[in-house]
2 protein chains.
Amino acid sequence: MPDAHTLGGMMERIRALLTVIEEGSVNRAAVRLRITQPALSRQMQALENELGGKLLERESSGVKPTGLGHALVKSMRPLVGSYDAALAELRRQARGERSELRVGYLFSAAQSMLTPALAKLRKSQPEVKLKLHDMSPREQLDGLRAGELDLALIGQEGVTAASEFHSTKLCSLHVCVAVADDDPIAAQKNIALKELKGRDFIGVDEDQVPGRNRWATALCKSAGFKPRFAVVVDGISNVLSQVVSESAVTLLPGYFEKLQHPGVTFVPVSDEKARWDFIVLWQKGRASAATRALVDALKQVAVTLR
Amino acid sequence: MPDAHTLGGMMERIRALLTVIEEGSVNRAAVRLRITQPALSRQMQALENELGGKLLERESSGVKPTGLGHALVKSMRPLVGSYDAALAELRRQARGERSELRVGYLFSAAQSMLTPALAKLRKSQPEVKLKLHDMSPREQLDGLRAGELDLALIGQEGVTAASEFHSTKLCSLHVCVAVADDDPIAAQKNIALKELKGRDFIGVDEDQVPGRNRWATALCKSAGFKPRFAVVVDGISNVLSQVVSESAVTLLPGYFEKLQHPGVTFVPVSDEKARWDFIVLWQKGRASAATRALVDALKQVAVTLR
DNA sequence: CGAGGGTATGCGCATCCGGCATAACGGCAA
DNA sequence: TTGCCGTTATGCCGGATGCGCATACCCTCG
């Protein structure tokens, strides 16, 4: 029940009217609401003025709803109930008690880290309701911005957006270059970035993997050349096919070495600066216990994977 | 949009927050809401205090929702929409513009009057959405009291409840007595009430047809005797069967003469006092145009049926 | 550095709204 | 019939709330 000093809006007056109709008496309802009868009487009048019609028939034995009063009860009672439930849930969430955790991630990048972290979370917070969404980095960022995700596991693409959310770097992977099996580079144990000067690069659509091309460009620039993107494809899964068919190269985070792709060889880059960061982003404001627990679990798993 | 002096409750602050998040700026939202930026800033703070958590991250370029702010938008936006729609509909109804009309009636009693009245209504108010409910007198009264009906066509049973609603008497029917075909009374053109002294009467369950037995009792008392109810049945449709099987009698409104029932004859009662009133009840408070139109139409039809 | 955009906060004033006291009405019992 | 009790409505007053104005502080950009 709101205290006397928050009874200022229509919703509060509507709530009071529901009580009056239930009691059939302004006086008894006032006792229930812990205000005086005259104050409540005036609230009822104010509500009638605001709606433009009588809601109550006044009699010496109490009050009875008019047709309009009945209609208000019918339409507003469920609404008030939903509103109260929503407020209660928001207050719970504000206290960090949100039990739902919506996680966005890219499977190929995150599964080796996410799976053990979720196991830890399941142990420490068994009541958490997880919603896992396999999505591209772009979708992850959009989901966070729209408030549809609580947390995202994202790579280098998330670095530019990190200031919009809370963020923590989990680990930094080395970089490898993908080449066709019959490429001379495929026989090397590793490669320096400058050896890629003059080669055709395959880029990724900015819309799907924001910042990937800029990252590759920055690395090559630090090695003294500017990469030429012969083709820009619309998804990571198409990059490796184009590497083969175009006799081109592309820079990828080291986790790709674990993926088998016919006709493609991954060669580690030896440059110290060639790193790919893996970070976790979560919403600003107070984080729920579930969110904090998952972030902690991810940090622990990241340490073991180094 | 409420004016500046009614922004007192949480709902109004929530509404303001939706605007702030939409604009991404307290300042621009304040312009939209036609209040000053400091007032709106304080409302946001008050709302955060009431919910117990930050809803907005403040930056020099404006504001961004926190996770809690996103959650509020998601849960409250539809609620605010429903609330506004409900208020708008209530205001329309208050102005007499309700386009729905829920009518309760007992078919056998009311159809001869209701059908022509509805034809008149259809002509004068073609946009009215009618909801017709064939129900017992008890159900009609309960429906009115619960605000589920706007108007009820009811007989003598509604007379005692008339003070709870607006009411108009439409007509007064003569009374007849129902007897078995082989009863000596069946051969009479009419009958005086006092001739029924000593006969078994069939009564009707008070719960289904409130006041029917009391009405019959009062009529017989005015003729100098008290009726003995041999059987009390649970519905009007069972009365006539019992009249035959029990060689009993019952008093009924004159409209029953139009109904064919095997083995039963209806004989008019000659006593002047033997009348059965037919009335229309509708909700207190301002009646919609549709309700008034139907009441008028019923009055006109009642005149022609006399 | 200054200008312009943003949000937060002190202060004063107007309005709102509650409590207290009282008026008016209807119903019921003696 | 009168008096009592229950009801709702309304006048008056004071405290609470919330707004506008002025100002402080921060950030970004030319």
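Chain letters run A, B, ... following the sequence lines, proteins first, then strands; residues in each count from 1. Since the model is a prediction, treat every value here as computed from it, not as a measurement.
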To the nearest Å, give me how far apart [atom1] ([X]) and [atom2] ([N]) are.
| X | N | atom1 | atom2 | value |
| --- | --- | --- | --- | --- |
| B:Asn27 | C:dT7 | CG | P | 6 Å |
| A:Glu57 | D:dA9 | CD | P | 11 Å |
| A:Glu48 | D:dT10 | CD | C1' | 15 Å |
| B:Glu12 | D:dG18 | CD | P | 11 Å |
| A:Leu33 | C:dG19 | CG | P | 11 Å |
| A:Ile35 | C:dC16 | CD1 | P | 18 Å |
| B:Gln43 | C:dA8 | CD | P | 13 Å |
| A:Leu40 | D:dT7 | CG | P | 13 Å |

Looking only at side-chain N and O atoms, does A:Ser25 come under 4.0 Å of OP1 or OP2 in D:dG6? no
Please test A:Lys64 against A:Glu59 for salt bridge (charged side-chain N to carboxylate O under 4.0 Å, His left out), starting from the C-alpha separation and ending with a verdict. CA-CA 8 Å; A:Lys64 283 194 165 58; A:Glu59 302 168 350; 3.6 Å; yes
Let's test your reading of the model: under 3.5 Å, does the base of [N] pair with the side chain of [X] as donor and acceptor?
| X | N | value |
| --- | --- | --- |
| A:Arg34 | C:dG19 | no |
| B:Gln37 | C:dA8 | yes |
| B:Arg13 | D:dG18 | no |
| A:Arg28 | D:dG6 | no |

Selected nucleotide, minimal atom distance to B:Ser41 side chain, candidates C:dA8, C:dT7, C:dC20: C:dA8
Between D:dG20, D:dT10, D:dT8, spot the one nearest the side chain of A:Arg42, thanks. D:dT10
Residues A:Arg138 and A:Glu157 bridged, charged N to O under 4.0 Å: no
Is the side chain of [X] donor-acceptor paired with the backbone N or O of [Y] at a distance under 3.5 Å, no angle test?
| X | Y | answer |
| --- | --- | --- |
| A:Arg91 | B:Glu50 | yes |
| B:His166 | B:Arg286 | no |
| A:Gln37 | A:Ala30 | no |

Describe, in one word, how the ring planes of A:Trp276 and A:Trp215 are oriented to each other, choosing from parallel (under 30°), tilted (30 to 60°) and perpendicular (over 60°). perpendicular
Kindly give the atom pairs (protein nitrogen or oxygen, nucleotide nitrogen or oxygen) under 3.5 Å for nucleotides 23-30 of chain C.
from: C:dG26; atom 1: O4'; to: A:Ser60; atom 2: OG; distance (Å): 3.2

Of A:Val73, A:Leu72, A:Val20, the residue whose pairing with A:Leu55 passes side chain to side chain contact (heavy atoms under 4.5 Å, CB included): A:Leu72
Both A:Arg58 and B:Pro38 contact DNA chain D. Taking the nearest nucleotide for each, which residue is further toward the 5' end? A:Arg58
On DNA chain C, check which nucleotide each of B:Gln45 and A:Ala39 is closest to and give me the residue with the more 5' one. B:Gln45
